[in-house]
Amino acid sequence: MNLVKYFRVWLTLAKMSFAEQASSRLNTASLIAGKLVRMGFVFIFLLALFSHTKSLAGFSLTQTLLFFMTFNLVDILAQLFFRGIYIIRGLVQNGELDLLLIKPISPLFRIATNTTDFLDMFTMIPTLIILILVILRLETQVSFLSLFLYVLLVLSGIILALAIHIFTAGIAVITQEVDNLIWIYRDLMTMGRFPAAIYAWPVKLVLTFVIPIAVMVSFPAEALLGILAWQWILFAFFWAAIFFWGSLKFWRFSLKYYTSVSS
Amino acid sequence: MKKNIYPRFKKALRKYAAVFRTSLANILEYRANFLVGRIRNLIVLLTLYFLWTAVIPGQGSIFGYQKAQILTYILGIHFLRSIVLTTSTYNVAAEITQGGKFFSYLLRPVSYAKYWFSVDLAYKTVEVIASSIEIAFIVWIFKIPLFFQTNPLFLFFALISIFLAIILNFYLGYLVALIAFWTPQAWGPRFLFDLLLSFFAGAFFPLDVFPEKAQLIFSSLPFPYLLFFPLKIYLGRIDPIGIFVGIAVSLGWILAAYFAIRYIWQKGLRIYEGGGI
């Protein structure tokens with residue numbers, strides 16, 4: 001029953017987001033074109049790069065493209081569903097968070113789903129098509145188990161993305177000013193466009209344990225290629241659970257510091 | 001005659017210097033935002049550094065670039081982005097479409113374009129200092145081998161091309177912002193424009209990775225003259241004829257953008273309705 005209620009809320013908010021985006025057609029068309037062009041540029045770059053080199057940190061062109069398309073998949077899904085978190089600072093600063101706190105629904109859910117970025121739907125379609133083509137062209141045989149693990153690790157990656165968004169929301173509630181932090185996450189996320197193996201070990205350490213971009217993006221691709229040890233697969237699920245649990249705790253903790261200062 | 005021009009010039013300079021100082025104070029006031037911006041820039045720089053060191057392990061070369069040259073290119077791009085691409089012209093569109101603030105500028109004894117160019121210079125000053133520190137830090141940490149140009153002619157023309165790139169980038173950004181006279185939906189096209197600009201300027205990788213025909217097409221666009229061309233001169237990867245042709249094309253684009261701005265400004269003012277005044 002509760003799930004139905006939450007689904008209805010999401011659907012209503014999603015319809016509103018869609019109506020808003022559809023009303024400004026020039027912006028919408030430009031943003032969709034921009035997102036596709038950005039993806040295309042990296043694609044072109046990798047093709048150009050591999051016309052002069054055989055491998056990138058030991059990965060072939062197809063394998064590198066798998067990492068890139070997995071990055072796009074996780075990033076687009078996170079953008080599609082959690083874009084609402086970006087407005088948290090505004091809600092805190094102008095006191096509108098009060099209105100969400102008294103509603104008979106999880107305020108976190110309400111904030112996260114406030115904006116469903118339908119523009120990413122348009123980038124999702126080519127992303128999925130290219131991803132499937134890349135998987136079909138991989139040099140190594142893809143087993144059903146590795147495909148299954150890939151899907152599970154992508155899902156755990158999305159949970160990690162959600163957890164990072166929740167942490168950011170909590171920090172915004174406490175400090176009232178650091179919504180910029182989400183942009184640091186976005187930039188760190190772009191490090192996941194390429195295999196984590198290209199980075200030096202201290203960076204890899206940060207990308208695995210602190211802001212686990214590698215777990216979100218590189219791990220699924222490595223599992224599909226059959227080169228990720230089972231200990232790391234378990235670690236990915238464990239880390240996603242820990243992060244998600246920690247983020248919810250932190251969110252509740254941050255609300256205790258909410259002073260409703262601007263309402 | 002000289003006596004008349006000099007005080008007027010001095011007065012104008014004082015006016016725009018005040019805009020510069022105010023903008024500088026404004027940037028430094030929001031220190032948290034500034035710091036976050038620096039961290040973001042550093043992340044992009046590190047990503048590119050690791051990518052290229054993975055592409056060229058040891059002392060190899062790629063696309064005809066030695067390792068030191070390609071790493072100098074990446075760091076050079078970081079520096080040139082700060083001095084050339086840093087701009088506040090995206091605010092112009094917001095001012096024209098929102099709140100009627102734009103109208104107040106029309107009543108002031110300032111040129112709107114010069115006002116924003118002064119603001120740009122303040123942003124550029126801060127960015128150049130910050131990016132220089134970041135580059136020095138990265139070079140020190142990773143012991144990056146750099147390419148130093150010793151030929152004074154290449155250095156001279158590199159400086160000339162950077163100067164032209166600053167003007168060209170301002171004109172292009174300002175020109176795109178003026179579409180706000182016709183539509184309030186100006187930031188979507190700006191997002192697309194900035195992406196295209198960064199790519200064709202060579203902000204992510206040198207444009208000579210492309211086939212020659214593609215490079216020829218790119219060279220007719222204004223974008224390569226913002227980053228790629230100055231760096232190509234600095235790295236000494238262009239002959240004297242290429243330098244003169246490039247500078248001539250830059251000048252051509254600057255003139256074209258200047259006249260386009262004048263034309264669009266006049267047209268835009270005629271249809272400006274002053275919404276929000």
Side-chain angles (χ1 to χ4, degrees), chain A residues 21 23-42 44-53 55-59 64 119 175 177-200 202-204 206-207 211 213, chain B residues 30-57 60-65 93 141-142 176 179-180 182-200 202-211 214:
Chain A
Q21 285 168 351
S23 68
S24 49
R25 285 183 202 136
L26 181 62
N27 267 343
T28 303
S30 306
L31 288 171
I32 292 170
K35 283 167 189 255
L36 290 173
V37 160
R38 187 170 53 190
M39 194 193 294
F41 284 163
V42 180
I44 291 168
F45 167 62
L46 288 175
L47 291 177
L49 195 65
F50 275 89
S51 67
H52 289 75
T53 184
S55 70
L56 180 66
F59 293 104
T64 307
L119 303 184
T175 64
E177 62 171 304
V178 280
D179 71 343
N180 273 329
L181 274 185
I182 199 79
W183 292 108
I184 293 185
Y185 154 75
R186 298 278 298 146
D187 286 325
L188 281 170
M189 189 68 186
T190 60
M191 292 181 103
R193 279 179 179 154
F194 309 108
I198 69 166
Y199 301 109
V203 180
K204 238 186 294 184
V206 172
L207 294 182
I211 302 163
I213 306 297
Chain B
Y30 298 99
R31 284 185 283 273
N33 275 350
F34 177 71
L35 198 68
V36 168
R38 298 329 308 169
I39 294 170
R40 294 186 63 193
N41 278 353
L42 213 54
I43 292 169
V44 175
L45 182 60
L46 280 176
T47 307
L48 286 173
Y49 166 73
F50 284 118
L51 176 68
W52 284 105
T53 42
V55 171
I56 317 176
S61 66
I62 194 164
F63 308 124
Y65 284 85
I141 289 282
F142 295 107
V176 173
I179 66 165
W182 285 268
T183 172
Q185 300 170 43
W187 70 273
R190 179 68 192 235
F191 169 72
L192 182 58
F193 172 78
D194 283 347
L195 268 175
L196 292 171
L197 183 147
S198 296
F199 180 80
F200 290 113
F204 306 117
F205 49 88
L207 294 176
D208 30 22
V209 306
F210 291 106

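Note on naming: letters A, B, ... go to the chains in the order of the sequence lines (proteins, then strands), and numbering restarts at 1 for each one.
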Any idea which heavy atoms bring [X] and [Y] closest together, and the distance?
X	Y	answer
B:Gln185	A:Arg25	OE1-N, 3.1 Å
A:Ala33	B:Leu192	C-CD1, 3.9 Å
A:Ala48	B:Val209	CB-CG2, 3.8 Å
A:Tyr199	B:Thr47	OH-CG2, 3.5 Å

Note, [X] side chain near [Y] side chain (heavy atom, < 4.5 Å):
X	Y	answer
A:Phe45	B:Leu51	yes
B:Thr183	A:Asn27	no
A:Val203	B:Leu46	no

Atom pair [atom1] ([X]) and [atom2] ([Y]), whose distance is rounded to the nearest 0.5 Å:
X	Y	atom1	atom2	value
B:Phe193	A:Ser30	CZ	OG	12.5 Å
B:Ile39	A:Asp187	CD1	CG	10.5 Å
A:Leu31	B:Arg190	CG	CZ	14.0 Å

Point to revise | Option in B:Phe204, B:Phe210, B:Phe191 with maximal non-hydrogen atom pairs under 4.5 Å from chain A | key: B:Phe191
Review point. Going by the angle between their ring planes, with limits at 30° and 60°, are A:Phe41 and B:Phe199 parallel, tilted or perpendicular?
Key: parallel
